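What you see is a predicted model; the values in this text were computed from it and never measured.
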Amino acid sequence: MYLWVIAVVAAYFIKGLCGFANTLIFTTILSFGTANADISPIDLLVGYPSNLILTWKNRKRLDPKIYLPLIGLVLLGSIPGSFLLKNVDAGAIKLLFGVVVIVLGAEMVLREYSHKKGKSSRILLAVIGILSGVLCGLFGIGALLAAYVSRVTEDTDSFKANISVVFIADNTVRIILYSVLGLLNLKTVQMSLLLFPFALLGLLAGIKCSNIADEKWIRRITAGLLMLSGISLILKNL
């Protein structure tokens, strides 16, 4: 149980600080001794109220022009996702997305250290947006989504607000789907309720740190987490 507590505090501290990557941290710590099928439903239930908190806290920075198209893409991601799952090796898809996420994370680091802040290509943003919707809708992985939102928001609060509301839509659909598939049960709910106070502790600590930390460093940490997400995708599917 202590490992679950450590994992949830660490994961949601990072979420409070950067707005995402809780699943990456949570899964990485627990995957050594626990099946992913047991980890994901709990992370989903614990993450849902966390996304509600981040969205409410940063609600003044919500931009419908950013989150509404992404919500549509994420929900529509299940359509091509179903085709890909049926006809293509899912591991190969994750490997490809892993490489893409690493490249985008590295490019984000270069942009942060560069004195010239050029605008991203609209075509590139459209491609990233579509792919992020498919990846999140198909596998519940938000790394590419984070790469997209980081390009269309000006600061961390705006990033957190818009990505969190997209996660709420995705989480809602996945909770319904997991319930239908029997992945959510009384034991899962009980474990999630036990862990949520620790998740809240980590989340609030992360939010507090983000309020006093340098904005540039938070964006650099975000870029680093994107690259770690890509590396994790690749290593898990080699």
Side-chain angles (χ1 to χ4, degrees), residues 3-4 6-36 39-40 42-44 46-47 50-51 54 74 90-114 120 128-129 131-153 155-156 159-160 162-164 166-167 170-171 199 202-203 205-207 209-210 213-238:
L3 187 60
W4 284 82
I6 293 172
V8 81
V9 171
Y12 285 89
F13 173 82
I14 292 298
K15 186 170 183 68
L17 183 67
C18 299
F20 82 113
N22 53 292
T23 298
L24 170 68
I25 304 298
F26 194 63
T27 303
T28 299
I29 294 175
L30 294 173
S31 60
F32 294 102
T34 307
N36 191 64
I39 299 172
S40 294
I42 292 174
D43 183 50
L44 176 61
V46 174
S50 300
N51 286 318
L54 285 176
V74 168
I93 300 171
K94 289 184 179 182
L95 280 173
L96 175 61
F97 275 128
V99 173
V100 172
V101 169
I102 291 173
V103 171
L104 291 174
E107 191 269 341
M108 185 177 172
V109 171
L110 292 176
R111 282 195 293 117
E112 284 301 312
Y113 281 97
S114 173
S120 298
I128 296 173
L131 292 178
S132 68
V134 174
L135 184 61
C136 195
L138 178 55
F139 301 115
I141 298 170
L144 201 54
L145 186 67
Y148 176 87
V149 178
S150 72
R151 279 165 169 71
V152 294
T153 53
D155 53 47
T156 302
F159 175 87
K160 289 179 183 178
N162 289 284
I163 198 170
S164 294
V166 178
F167 282 147
D170 168 66
N171 289 173
L203 183 74
I207 292 173
C209 287
S210 73
D214 189 327
E215 175 78 23
K216 291 182 178 179
W217 279 107
I218 295 177
R219 294 186 75 86
R220 289 169 186 172
I221 292 172
T222 300
L225 288 170
L226 281 174
M227 288 189 285
L228 283 176
S229 298
I231 293 169
S232 176
L233 275 172
I234 292 172
L235 293 178
K236 288 180 179 179
N237 292 280
L238 284 176

Looking only at heavy atoms, which two atoms of [X] and [Y] are closest? And how far apart?
X: Asp43; Y: Tyr12; result: OD1-OH, 2.8 Å
X: Ile14; Y: Ala21; result: CG2-CB, 4.0 Å
X: Ser210; Y: Gly16; result: OG-O, 3.9 Å

Can you list everything that forms a side-chain contact (heavy atoms from CB on, under 4.5 Å) with [X]? Sequence neighbours excluded, please.
X: Ile221; result: Leu17, Cys18, Leu225
X: Ala7; result: Phe26, Ile29, Leu30
X: Ile6; result: Tyr2
X: Thr156; result: Lys160, Glu215, Ile218, Arg219

ask   = To the nearest 0.5 Å, what is the distance between CG (Asn51) and CZ (Phe20)?
value =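 Going from CG on Asn51 over to CZ on Phe20, the span is 13.0 Å.
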
key: Distance (rounded to the nearest 0.5 Å) between Leu54 CG and Ile207 CD1   =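 Spacing of CG (Leu54) from CD1 (Ile207) equals 5.0 Å.
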
inquiry  = Less than 4.5 Å apart, side chain to side chain, heavy atoms only: is that true for Ser50 and Phe167?
reply    =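 Ser50 vs Phe167: side chains apart.
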
